[in-house]
Amino acid sequence: MVEITNEQRDIRIEKEKELERMGINPYPHIYRPTHTSSLLNEENKDLPNDTEKEELVKVAGRIRAIRNSGMFMDIYDKDGKIQIFSSLQHLPEEELKVLSLLDIGDIIGIEGTIKRTKRGELSVVSQKITVLAKSLQVLPEKYHGLTDVEMKYRQRYVDMIVNKETIESLINRSKIMTSVRQTFLDKGLLEVETPILHPIKGGATAKPFVTHHNALDADLFLRVAPELYLKRLIVGGMEGVFEMGRVFRNEGIDTRHNPEFTILEVYWKYKDYYDMMDLFEEVVRNACLATHGTLKIEFDGHEIDFEKPFERRSMDSLVKEHTGVDFLAIKTDKDAVEAAHRLGVKVEGDQNWGQALVSVFEEKCEGYLIQPTHVMNHPISNSPLTKTNREDDRLVERFETYINGWEMCNAYTELTNPIDQRARLEDQVRQAKEGNEEADGILDEDFVTALEYGLPPTGGLGIGIDRLVMILTGNLSIRDVIAFPTLRQK
RNA sequence: GAGCGUGUAGCUCAGCUGGUAGAGCACUUGACUUUUAAUCAGGGGGCCCAGGGUUCGAAUCCCUGCACGCUCACCA
């Protein structure tokens, strides 16, 4: 960022130089505070008004407010505010000089005694001021804060300093990731890593990013899903594995999509999709407790209840409930497309029964699924990696859990039959040749070979971590839960 | 990718049917001193997103571009 003129920055640089002329390094190597704001408050919660203690403490933080010509300063550390009281009559000349060179935004350390003022504000009475980082940039206004969304995302550090909700969301993101990880580790599942650079795109229907390896002179795809590698680990003998990591999809950007996002995938031997429903519910409950301490939360004006078991509904039953149309009674692709058209749902004429069902579901049902709901039994046509439903061979054993109308996860009883798998992937290749950009154009032979060695019955679950964080932090935009969301270069 | 909207001081925003800029916070000088959006008085600070055009004259009207937001499309 190139500043042409900035008077206030020039003044701050001059103050920085003045500190150096006084023999003070405004960017020292180390400072060790003895107290955080919360510890200070905890230890002195019973200190009466207008009393001072003799104990010397050291605190540190960023100056956010200066009042009464420096007599009062508010500094903030990770836990909150500490008021600094500087008695202008009692501080030595040198300290007064340093005080006069401070600005809002500077990070300072204060050594002094503890006092509660007449008005009841716990304060540190400064005896020694140490500049820890002279700030050369002016912070946004204290009252309105930073509202320019572009600057919020481009200079997230400023947003974090000024807007408490921003740093809190990012802290909660970290807590949620820890909770999710711990839920799996507690069950004995192994955290693993698989390639991000894929020679063949696979594992999800999505447009990939393509990159190039010079020494190999080969194009590689940034992964759209880790699925096919994780299943190989199950073939190899691991009992259960999970990976939490970044995947990349070359698609549009909006409030619910970022080109790179965090997915968690877990595969567990001798489990099916019913087990994955229980597993997902446990993951969500633990993460909710880790961030809220309760299982009922408010989101976008709705109370969302994670306490009771999530509703389990088949896709066709939801469609029937909201439209009156029973897709299971429809036998041909043509009739299915016509049924969709009668409901006002746009479906291409050449689409099949399953695509029509999914389209109607997405348009007519999704929005109603505010409370956690497992939507089960998708049509087979767009689930190439899923085992056929044991009760209806037009369907598969798959579910997606919806919260607030958003798809939060995607889980299967994994397809393990290598012959069936080959046929389904060959169908994808056929679709790709017909122009479907998201279908996999090259069959991952090695993956099918792995299945030929024998994949035991396995349950798999993929969770959109960013969306889980959104729900649990009350954020309506995915950009607010990703520290550095993708933006155009300026 | 399409439609709509926004872009003015470090930040938050005014700026009418065109006459080359204002406020609050912040900064600065001074006053004051137990304040907590401290207060009071003075002062400084603008490539008005960029480039074209219309006009005697453009922050303002028109065109093009850039960035961001919202809605839609694709998707998780």
### Query
What does A/Gly462 touch in the nucleic acid at a heavy-atom separation under 4.0 angstrom: a base, only the sugar-phosphate, or nothing?
nothing
### Message
Mind checking if A/Asn258 touches a base, just sugar-phosphate, or nothing, with heavy atoms under 4.0 Å?
### Response
base
### Message
Of the options B/A37, B/A31, B/C70, whose atoms approach the side-chain atoms of A/Thr255 most closely?
### Response
B/C70
### Query
Is a side-chain donor or acceptor of A/Asp272 paired with a backbone partner of A/Asp275 at a separation under 3.5 angstrom?
yes
### Task
Tell whether A/Gln137 reaches the base of B/G10 with its side chain through a donor-acceptor pair below 3.5 angstrom.
no
### Task
Look at the side chain of A/Thr147 against the base of B/C11 and say whether a donor-acceptor pair falls under 3.5 Å; ignore hydrogens and angles.
no
#### Entry: A/Lys115 (side chain) and B/U34 (base): donor-acceptor pair under 3.5 Å
yes
### Task
Just name whichever nucleotide pairs with B/U33, Watson-Crick or G-U, keeping both distances under 3.5 Å, else none.
none
### Query
When only distance counts, do a donor and an acceptor, one from the side chain of A/Asn6 and one from the base of B/C27, lie under 3.5 Å apart?
no
### Task
State the pairing partner of B/U12; accept Watson-Crick or G-U wobble contacts with both distances under 3.5 Å, and report none otherwise.
B/A23
### Partner nucleotide of B/U6 by Watson-Crick or wobble geometry (both distances under 3.5 Å)
B/A67
### Query
Just by distance, with hydrogens left out, do A/Thr36 and A/Asp77 show a side-chain donor and acceptor under 3.5 Å apart?
no
## Note on the structure
Among B/A76, B/U33, B/A67, the one nearest any side-chain atom of A/Asn68 is B/U33
#### Entry: Nucleotide paired to B/A58 in any strand shown, Watson-Crick or G-U, under 3.5 Å
none
### Query
Do the side chain of A/Glu150 and the base of B/A67 come within less than 3.5 angstrom through a donor-acceptor pair of N or O atoms?
no
### Query
Which is true for A/Asp50 with a 4.0 Å heavy-atom rule: it touches a base, it touches only sugar-phosphate, or it touches nothing?
nothing
### Task
Without swapping roles, check the side chain of A/Asn163 against the backbone of A/Leu146 for a donor-acceptor pair under 3.5 Å.
yes
### Task
Output yes when a side-chain donor or acceptor of A/Lys134 lies under 3.5 Å from a complementary backbone atom of A/Leu101, and no otherwise.
yes
